[in-house]
Amino acid sequence: MVITSKKLMNGVQMSRFGRVDALMFRQDLPKPEPASGQVRVRVMASSLNPLDQATWEGRLKALRVRRPPLIPGSDVSGVIDQTGPGVLDWQVGDDVYGFLDAAPKRQWHGFTQSGAWAEYAVTRAETLTRKPDTLSFEEAAAVPVAGLTALQGLNRAALSAGHTILINGASGGVGSLAVQLAVSRGLIVYATSSPQHHATLKRLGVHRVIDYHQLPVSQSPTGLDAVYDVANRLSWAQKCARIHQRGSVIDNLVSLRGGWHRLMGGRSPSGVRHRYTFVTPDAAALYQLSELVTAGKLRPQVARSFQLQTFQEAYRWLATEKPFGKVILTL
């Protein structure tokens, strides 16, 4: 058991850009204090996210956000430990979860101040919602970033019941939730994954599961209403070949092609609509996900949990095993 003083805490600190070894577990990090409009959360669980990996690898440097030294971690589930001035909606002892953002005010993207990989973290009170009683802290930590990404992506597709969608990369944290959200909306869902995850996806309601190695071939579905490329691994031609002339392509990353299409009104010359997501903290949207969880229509998929101090082992396991759902860090 690791013990810290009342003013210090355990956590992971990123001291420089680089590989995962640029991060170190420490027992002498200063415990953060909530400012006006913020709360402090005693963190029970967080998760591994591509967003955090992009941070320490330096892929967000162009946005001039998340500069070292910092504590990674975007997903947070835990208990309100202290409230800052002006916070009226939360009380000490409330169980909460959310997409952590310690920036003083909301920005146009979610790539702002992190800090969930520690015993305590501060965030704007408006980024949190109450944890559903039906979820453990570990399960709740699998929802915020992945769930908001999935929800915001599907909202951009603007599909209704009976429409068809292909979700590429359906076995990850975002994809597994996107599949469930799409099924709950009455969409006919096609999904790609490696073969070992096909049975799980079928149980979640996928109409047809495709080995992602076979997606470019002619036997894969065509004439669909939308392709949601969660994995960001398909070429533009591969995506357009799957949808009808006025269908939609949704990406999780901004690309040069996407920027050009946005300038052109969101359509390519062929008529294909192009949408992309910049996931942002949104407690109201997270509350919608909570309602689906309570109704039994959405369940986060936890692949495995690791203690925070073994975060490097967790990333190695994620990279080699390629599990279904999310990998969780517990404190």
Side-chain angles (χ1 to χ4, degrees), residues 47 75 97 129 132 134-136 139-212 214-215 220-234 239 242-244 247-252 273 275-277 279 282 284-303 322-326:
S47 75
D75 285 321
Y97 75 133
T129 193
T134 55
L135 294 184
S136 67
E139 290 173 320
V143 175
V145 173
L148 290 173
T149 301
L151 180 65
Q152 292 168 9
L154 287 174
N155 286 347
R156 289 184 180 277
L159 303 178
S160 55
H163 283 150
T164 53
I165 186 171
L166 170 68
I167 297 175
N168 181 49
S171 61
V174 176
S176 61
L177 294 175
V179 161
Q180 296 178 70
L181 290 172
V183 169
S184 73
R185 296 181 177 190
L187 305 184
I188 300 171
V189 182
Y190 297 81
T192 69
S193 77
S194 53
Q196 67 264 34
H197 300 314
H198 286 197
T200 303
L201 288 167
K202 290 291 288 186
R203 286 196 297 272
L204 292 178
V206 172
H207 175 71
R208 179 182 166 194
V209 190
I210 304 155
D211 184 343
Y212 70 92
Q214 299 177 355
L215 183 62
S220 58
T222 58
L224 303 177
D225 294 300
V227 169
Y228 187 6
D229 189 10
V230 172
N232 297 300
R233 291 179 179 171
L234 297 178
K239 296 170 190 178
R242 310 274 71 81
I243 59 178
H244 57 70
S248 297
V249 168
I250 306 98
D251 289 330
N252 278 338
R273 297 176 185 270
R275 301 285 185 261
Y276 52 82
T277 60
V279 62
D282 188 337
L286 190 58
Y287 180 75
Q288 295 177 30
L289 297 176
S290 295
E291 290 186 311
L292 290 171
V293 167
T294 302
K297 296 181 179 180
L298 185 69
R299 194 75 190 183
Q301 307 293 307
V302 175
K322 302 187 186 307
F324 193 94
K326 294 285 285 184

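The first residue in the sequence is number 1, and the count goes up from there.
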Looking only at non-hydrogen atoms, find the nearest pair between [X] and [Y] and report the distance.
X      : Y      : result
Ser290 : Thr129 : OG-CG2, 4.0 Å
Arg208 : Val206 : O-CG1, 3.2 Å
Ala140 : Leu135 : CA-CD1, 4.1 Å
Leu201 : Ala170 : CD2-O, 3.7 Å
Tyr97  : Pro132 : CE2-CD, 3.6 Å
Ser193 : Val209 : OG-CG1, 4.0 Å

To the closest 0.5 Å, what do you measure between [atom1] ([X]) and [atom2] ([Y])?
X      : Y      : atom1 : atom2 : answer
Ile250 : Gln152 : CD1   : CD    : 13.0 Å
Asp251 : Arg275 : CG    : CZ    : 12.0 Å
Tyr212 : Arg233 : OH    : CZ    : 7.0 Å

Between [Y] and [X], is there a side-chain heavy-atom distance shorter than 4.5 Å?
X      : Y      : value
His198 : Asp211 : yes
Glu139 : Val293 : no
Val302 : Lys326 : no
Ile165 : Leu154 : yes

Per-pair distances, 0.1 Å, donor-acceptor, side chain in residues 173-181, under 3.5 Å, sequence neighbours excluded:
unit_1	atom_1	unit_2	atom_2	d
Ser176	OG	Gly172	O	2.8
Ser176	OG	Gly173	O	3.2
Gln180	OE1	Arg299	N	2.8
Gln180	NE2	Ser176	O	3.1
Gln180	NE2	Arg299	O	2.9

Of Ile243, Ile210, Ile188, the residue whose pairing with Pro221 passes side-chain contact (heavy atoms from CB on, under 4.5 Å):
Ile210
Please check this pair: side chain of [X] against backbone of [Y], looking for a donor-acceptor N/O pair closer than 3.5 Å.
X      : Y      : answer
Asn232 : Asn252 : yes
Asn168 : Thr192 : no
Asp229 : Leu234 : yes

Side-chain donor-acceptor pairs under 3.5 Å in residues 156-164, sequence neighbours left out?
unit_1	atom_1	unit_2	atom_2	d
Arg156	NE	Tyr276	O	2.9
His163	ND1	Ser160	N	3.0
His163	ND1	Ser160	O	3.4
Thr164	OG1	Asp225	N	3.0
Thr164	OG1	Asp225	OD2	3.2

Go through it in stages, so that I can follow the logic: the residues are Leu298 and Ser184, the test is side-chain contact (heavy atoms from CB on, under 4.5 Å), and I'd like the CA-CA distance, side-chain angles, deciding distance and then a yes or no.
CA-CA 8 Å; Leu298 185 69; Ser184 73; over 6 Å; no
Any residue meeting ring pair (Phe, Tyr, Trp, His ring centres under 6.0 Å) with Phe324, in chain and number order, not counting sequence neighbours:
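Phe324 satisfies ring pair (Phe, Tyr, Trp, His ring centres under 6.0 Å) with His197 only.
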